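Comments concern the structure below.
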Amino acid sequence: MAELIKDLEILDNTEEQTADYRVSAEENIPGQKKLYIETYGCQMNFSDSEIVMAVMQQNGYSSTSNMDSADLIFLNTCSIRENAEQKVRSRLDRLHALKKKNPELKIGVLGCMAERLKAKLMEEEKIVDLVVGPDAYRDLPNLLGEVDEGHKAINVFLSREETYGDIEPVRLNSNGITAFISITRGCDNMCSFCVVPYTRGRERSRDAESILNEAKDLFAKGFRDVTLLGQNVDSYKWQPEQGERVSFAQLLERVALIHPDLRVRFTTSHPKDMVDEVLNTMAKYENICKNIHLPAQSGNSEVLDRMNRTYDREWYLGRIASIKRILGDDCSITTDTIVGFCGETEEEHRDTLSLMEAVKYDYAYMFAYSERPNTPAAKKLKDDVSEEIKKRRLKEIIELQGLHSFERNKLSIGQVHRVLIEGYSKKSEDYLQGRNSHNKVVVFPKENYQKGQYVDVLVTECTQGTLIGKTV
Ligand code: SAM
Ligand code: SF4
């Protein structure tokens with residue numbers, strides 16, 4: 001068991017956490033052109049790649065997981081931090097060799113980097129044939145037509161309406177149990193550090209009926225866990241032609257009512273918009289998972305003001321108090337934190353550490369500030385915290401979070417958690433893994449259980465990142 005615990009340890013305490021890219025699935029349909037998609041960045045991008053694959057399948061392409069055999073390669077990119085863009089640049093360098101071997105190979109850059117850099121990307125990266133922003137995926141077949149005629153093609157038009165609501169996503173590398181459903185696109189908040197409003201455009205909500213239909217369809221196909229996605233889910237609103245406006249809490253309730261065996265999760269909640277109505281709805285339905293991702297970004301009110309987050313430390317702590325009041329301790333809370341934002345003093349940094357102590361997050365995504373060109377912070381503030389200090393502060397918060405994650409996980413020892421099985425544990429086929437309502441990975445001996453089943457697991461041990469137990 002000690003070895004298993006060592007193998008399962010997932011938190012790296014020294015480096016900034018970076019998300020890997022994900023690769024499209026192998027379909028292997030003879031006679032069809034093959035599309036390979038690599039997706040970088042957030043869940044929203046991953047969900048977009050599933051839309052892209054749907055558009056391309058309708059146009060005669062099948063999905064491949066092997067870039068060497070692809071006719072077309074898409075990199076669906078992220079711009080959130082500089083290192084996310086660097087990863088794509090070095091990937092493009094490596095694609096040179098493939099293109100040399102197969103001059104017919106076409107390469108497209110999609111997503112946030114395409115939107116941010118536009119035609120400049122094609123000038124800088126000669127092997128790129130097409131550049132397509134996040135709102136232009138319906139145009140992909142036309143753009144490929146231009147490429148086939150020997151031209152380079154670009155569409156980075158940002159829409160005020162596009163939600164791809166009518167497109168049924170093709171699930172990529174799916175475990176058949178969990179799926180993402182986009183409910184909003186874009187963002188209207190102007191956090192001064194963030195590139196998202198410029199790369200993904202204005203916020204718009206998707207038709208509630210199309211969301212419900214997608215969730216029902218997933219349930220009918222055997223999926224048992226859906227995550228509703230948006231940059232700021234609490235600002236979801238849909239006005240049908242007839243009838244009343246649908247708020248996020250109402251949408252959540254309607255998805256939860258599809259079936260008690262369908263688990264519902266959502267992300268991300270913005271502290272300024274998270275209302276008690278959502279918390280009350282969560283409390284009412286057992287199948288709405290008890291986990292709230294409520295990014296604080298900083299624990300200091302002046303820093304939050306410079307970040308233009310439009311709340312302060314007291315407001316944030318008030319929201320945490322509401323979660324505890326309405327959901328008790330039966331709710332995990334996670335956050336995003338940035339260290340070394342413009343002008344951050346040692347004292348301001350200590351406020352972030354003290355906020356972490358006050359909340360005791362179950363998990364946190366932690367980042368060093370990375371200046372993004374043309375954001376309000378880049379235009380008006382000075383990126384004046386040295387890399388060395390950013391690194392040290394990041395290390396401090398990662399270490400503290402490690403202690404808190406472990407402390408929080410230890411509270412589960414001796415408790416029985418309902419777990420939806422998602423597949424084999426990463427390291428051993430003798431063990432299965434799934435997640436509990438708190439979105440924590442739980443590992444237990446396989447016995448005769450199957451993917452997609454719910455089981456009750458008595459937690460007997462834990463690490464910072466994983467609960468370990470046996471079924472009861
Ligand atoms: N919409 C979500 C919200 O408001 O919390 C988050 C969206 S963003 C894709 C994910 C996280 O990346 C942010 O919460 C923030 O912590 C981090 N992030 C965004 N811009 C950043 C930057 N310029 N440097 C470092 N981290 C950044
Ligand atoms: Fe970026 Fe702020 Fe919008 Fe989140 S809420 S996507 S951090 S601008």
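We count ligands from 1, going down the list as the structure has it; atoms in each ligand are counted the same way. Every heavy atom of this structure was used, including side-chain atoms; hydrogens, water molecules and symmetry mates were not. Nothing here was measured: the structure is a model prediction, and the numbers come from that model.
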Applying a heavy-atom cut-off of 4.0 Å, say which part of Phe193 lies close to ligand 1: side chain, backbone, both or neither.
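Under 4.0 Å from ligand 1, Phe193 contributes backbone and side-chain atoms.
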Any idea which atoms of ligand 1 are less than 4.0 Å away from a heavy-atom of [X]?
X: Ile338; value: 15 (C), 16 (O), 18 (N), 26 (N), 27 (C)
X: Arg372; value: 23 (N)
X: Ile80; value: 8 (S), 9 (C), 12 (O), 18 (N), 19 (C), 20 (N), 21 (C), 22 (C), 23 (N)
X: Gln297; value: 5 (O), 13 (C), 14 (O), 15 (C), 16 (O)

Would you please determine whether Arg309 falls within less than 4.0 Å of ligand 1 on a heavy-atom basis?
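Within the 4.0 Å threshold, so yes.
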Nearest non-hydrogen contact with [atom] belongs to which option: [options]?
atom: atom 25 (C) of ligand 1; options: Cys191, Cys78, Ala296, Ala368; value: Ala368
atom: atom 6 (C) of ligand 1; options: Arg81, His270, Gln231; value: Gln231
atom: atom 10 (C) of ligand 1; options: Asp336, Asn232, Asp383, Asn45; value: Asp336
atom: atom 5 (O) of ligand 1; options: Ser298, Pro295, Gly340; value: Pro295

Indicate the ring-plane relationship of His259 and Phe219, choosing parallel, tilted or perpendicular according to the 30° and 60° boundaries.
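Plane angle under 30°, so parallel.
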Could you check whether any side-chain heavy atom of Pro134 comes within less than 4.5 Å of a side-chain heavy atom of Asp48, counting everything from C-beta outward?
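Side chain of Pro134 against side chain of Asp48, heavy atoms only: contact under 4.5 Å found.
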Using a 4.0 Å cut-off to any heavy atom of [X], which atoms of ligand 2 qualify?
X: Pro197; answer: 8 (S)
X: His270; answer: 5 (S)
X: Arg309; answer: 2 (Fe), 7 (S)
X: Cys191; answer: 2 (Fe), 5 (S), 7 (S), 8 (S)

For [atom], find the nearest protein heavy atom and state the residue, atom name and distance (0.1 Å precision).
atom: atom 6 (S) of ligand 2; result: Gln231 OE1, 3.4 Å
atom: atom 1 (Fe) of ligand 2; result: Cys194 SG, 2.3 Å
atom: atom 8 (S) of ligand 2; result: Asn189 O, 3.3 Å

Could you say whether the N/O atoms of [X] and ligand 1 ever approach to under 3.5 Å?
X: Cys42; result: no
X: Thr337; result: no
X: Ser370; result: yes

Salt bridge flag under 4.0 Å for residues [X] and [Y]:
X: Arg185; Y: Glu162; answer: no
X: Arg89; Y: Glu125; answer: yes
X: Glu346; Y: Arg392; answer: yes
X: Glu422; Y: Arg263; answer: no
X: Asp261; Y: Arg224; answer: no
X: Asp383; Y: Lys390; answer: yes

Assess Cys187: does it contribute an N, O or S atom lying under 2.8 Å from atom 3 (Fe) of ligand 2?
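Looking at Cys187, which is the residue asked about, there is an N, O or S atom under 2.8 Å from atom 3 (Fe) of ligand 2.
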Could a heavy atom of Arg200 be found less than 4.0 Å from some atom of ligand 2?
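The answer is no: ligand 2 sits nowhere under 4.0 Å from a heavy atom of Arg200.
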Against the six-membered ring of Phe341, is Arg306 placed for a cation-pi contact (under 6.0 Å from the centre, within 45° of the normal)?
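Geometry flag: not set, cation outside 6.0 Å or 45°.
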Glu286, CD atom: more than 12 neighbouring heavy atoms under 6.0 Å:
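No, not enclosed.
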Assess the side chains of [X] and [Y]: does a donor N or O sit below 3.5 Å from an acceptor N or O?
X: Ser425; Y: Gln433; result: no
X: Gln43; Y: Thr267; result: no
X: Thr77; Y: Arg91; result: no

